[in-house]
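A short worksheet on the structure shown next.
Nothing here was measured: the structure is a model prediction, and the numbers come from that model.
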Amino acid sequence: ISIWYKEKALPYIAQMADEIQKFISSIIYASAGVGNVKSRGDLKVVTISFDDAVDKYEEGYEIFANGLKIIAGLNNIVENGNINTFTNPKLGGAIGITEFASLSVGKMVEHLENYTTMADYLNGAMNNKIRNASTHNSITYDPITQEVLCYYNPADQSKVYNTTLMEICWLCYLQLLHIIDATLLARKIVEKGK
């Protein structure tokens with residue numbers, strides 16, 4: 001936990017703070033309570049390039065993946081009184097936190113999406129379809145409409161997730177908030193363990 005927040009999370013938070021102006025439009029929408037920017041119509045962003053936004057999304061996704069283990073364990077304690085007890089262990093194949101931590105990031109996210117508390121907390125910030133498409137370089141972008149097509153299944157190009165540059169920026173902002181949250185929790189855990 002200590003290594004994660006010191007070597008990954010804190011440098012990422014500092015880097016995002018340095019570039020926060022690129023995400024200002026999505027921050028404004030999030031602060032105004034707009035929960036799904038994609039459903040709000042024709043919203044455009046001019047403060048960040050598509051490639052930069054996707055790179056930040058991928059980076060935030062991978063960094064927060066480690067924070068998911070912390071959040072899931074704490075959720076288990078709250079819901080079940082034990083870090084190793086998932087409410088529905090068969091849903092994602094995780095019997096305990098060790099098994100959960102050994103899952104791929106995509107499987108961790110799938111597992112947590114089956115829990116209302118965790119799905120509400122994540123609020124879509126860990127979108128496997130966007131991540132899979134960007135990882136496999138199967139993503140197209142229209143700079144005029146700012147529409148993004150994510151071909152998330154390399155074996156079946158007919159499976160497409162439609163999104164926008166604004167939504168990707170909004171998800172980057174959500175990831176940043178989650179990483180800050182997980183970092184603060186991780187630090188408290190480490191301090192209490194001393």
Where do Asp156 and Ser158 land on the side-chain hydrogen bond (donor to acceptor under 3.5 Å, both in side chains) test, with the steps shown first?
CA-CA 5 Å; Asp156 185 355; Ser158 68; 2.5 Å; yes

side-chain hydrogen bond (donor to acceptor under 3.5 Å, both in side chains) assessment of Glu79 paired with Thr117:
CA-CA 9 Å; Glu79 288 187 0; Thr117 305; 3.1 Å; yes

Is there a side-chain contact between Ile71 and Leu185 (heavy atoms, below 4.5 Å)?
yes

Residue pair Asn127 / Tyr161, side-chain heavy-atom distance below 4.5 Å:
yes

Test side-chain contact (heavy atoms from CB on, under 4.5 Å) applied to Leu176 and Ile13, step by step:
CA-CA 7 Å; Leu176 173 62; Ile13 293 166; 4.3 Å; yes

With salt bridge (Lys or Arg N to Asp or Glu O under 4.0 Å) as the test, would you mind laying out the steps for Lys22 and Glu19 before giving the verdict?
CA-CA 6 Å; Lys22 293 179 180 181; Glu19 300 179 28; 3.3 Å; yes

Any carboxylate oxygen within less than 4.0 angstrom of a Lys/Arg side-chain nitrogen, looking at Lys8 and Glu62?
no

Could you tell me if the side chain of Asn66 sits less than 4.5 Å from the side chain of Tyr5, heavy atoms only?
no

Nearest 0.5 Å, what's the OG-CZ distance between Ser2 and Arg187?
10.0 Å

Indicate yes or no for a side-chain donor-acceptor contact from Asn84 to the backbone of Ile97 under 3.5 Å, with no hydrogens or angles considered.
yes

Any donor and acceptor pair, going by atom type alone, linking the side chain of Tyr57 with main-chain N or O of Ala125 inside 3.5 Å?
yes

Is a side-chain N or O of Asn128 found less than 3.5 angstrom from the main chain of Gly106, in a donor-acceptor match?
yes

For the side chain of His136 and the backbone of Asn153, is there at least one donor-acceptor N/O pair under 3.5 Å apart?
no

Shortest non-hydrogen contact between Met166 and Ser25, atoms and distance:
CE-OG, 3.7 Å

Looking only at non-hydrogen atoms, find the nearest pair between Met118 and Ala72 and report the distance.
CE-N, 4.4 Å

Are Val45 and Leu149 in one and the same hydrophobic cluster, where Ile, Leu, Val, Met, Phe, Trp and Tyr link if side-chain heavy atoms are under 4.5 Å apart?
no

Same cluster or not: Trp4 versus Met16, using hydrophobic residues (I, L, V, M, F, W, Y) connected whenever any side-chain heavy atoms lie under 4.5 Å apart?
yes

Spacing of Cys172 atom SG and Leu177 atom CG [to the nearest 0.5 Å]:
11.5 Å

Which pair of non-hydrogen atoms, one from Leu68 and one from Leu112, has the smallest distance, and what is that distance?
CD2-CD1, 3.6 Å

Is the shortest distance from a Lys or Arg side-chain nitrogen in Lys188 or Glu191 to a carboxylate oxygen in the other one below 4.0 Å?
no

Verify side-chain hydrogen bond (donor to acceptor under 3.5 Å, both in side chains) between Asp181 and Tyr121, making sure each step is shown before the conclusion.
CA-CA 11 Å; Asp181 191 29; Tyr121 172 77; 2.7 Å; yes

Taking Ile139 as the starting point, is it possible to reach Val160 by hopping between hydrophobic residues whose side chains are less than 4.5 Å apart?
no

Verify the ring-centre separation between Tyr141 and Phe50: is it less than 6.0 angstrom?
yes

Is any side-chain heavy atom of Tyr152 closer than 4.5 Å to one of Thr135?
no

Between Gln146 and Lys44, which heavy-atom pair has the shortest distance, and what is it?
OE1-CA, 3.3 Å

Report the distance from atom CD1 of Ile24 to atom SG of Cys169, rounding to the nearest 0.5 Å.
11.5 Å

Could you tell me which non-hydrogen atom of Ala182 sits nearest to which non-hydrogen atom of Phe64, and how far apart they are?
CB-CE1, 4.1 Å

Is there side-chain contact between Cys150 and Thr163, with at least one heavy-atom pair below 4.5 Å?
yes

Working note: His111 + Phe86, criterion side-chain contact (heavy atoms from CB on, under 4.5 Å); need CA distance, chi angles, decisive distance, verdict.
CA-CA 10 Å; His111 185 82; Phe86 281 93; 3.2 Å; yes

List the steps and the verdict of side-chain contact (heavy atoms from CB on, under 4.5 Å) for Gln175 and Glu59.
CA-CA 10 Å; Gln175 287 174 350; Glu59 185 179 2; over 6 Å; no

Determine whether Ile168 and Ile130 make a side-chain contact, defined as any pair of heavy atoms from C-beta on separated by less than 4.5 Å.
yes

Return the NZ to OG distance between Lys107 and Ser102, rounded to the nearest 0.5 Å.
12.5 Å

Ile179 and Gly60 have their tightest heavy-atom pair at CD1-O, 3.7 Å

Only one of Asn123, Thr164, Ile27, Leu165 passes side-chain contact (heavy atoms from CB on, under 4.5 Å) with Trp170; say which it is.
Asn123

If you measure from CD on Glu147 to OG1 on Thr140, what distance do you get to the nearest 0.5 Å?
7.5 Å

Run the numbers on Val54 and Glu58 for side-chain contact (heavy atoms from CB on, under 4.5 Å), then give the verdict.
CA-CA 6 Å; Val54 170; Glu58 284 183 44; 3.7 Å; yes

State, with a plain yes or no, whether a side-chain heavy atom of Ile189 is found less than 4.5 Å away from one of Lys192.
no

Please tell me if the side chains of Asn82 and Ile77 come closer than 4.5 Å, counting only heavy atoms from C-beta onward.
no

How long is the straight-line distance from NE2 of His178 back to CD1 of Ile63, given to the nearest 0.5 Å?
14.5 Å

Among the clusters formed by ILVMFWY side chains lying less than 4.5 Å apart, do Tyr151 and Leu171 turn up in the same one?
no

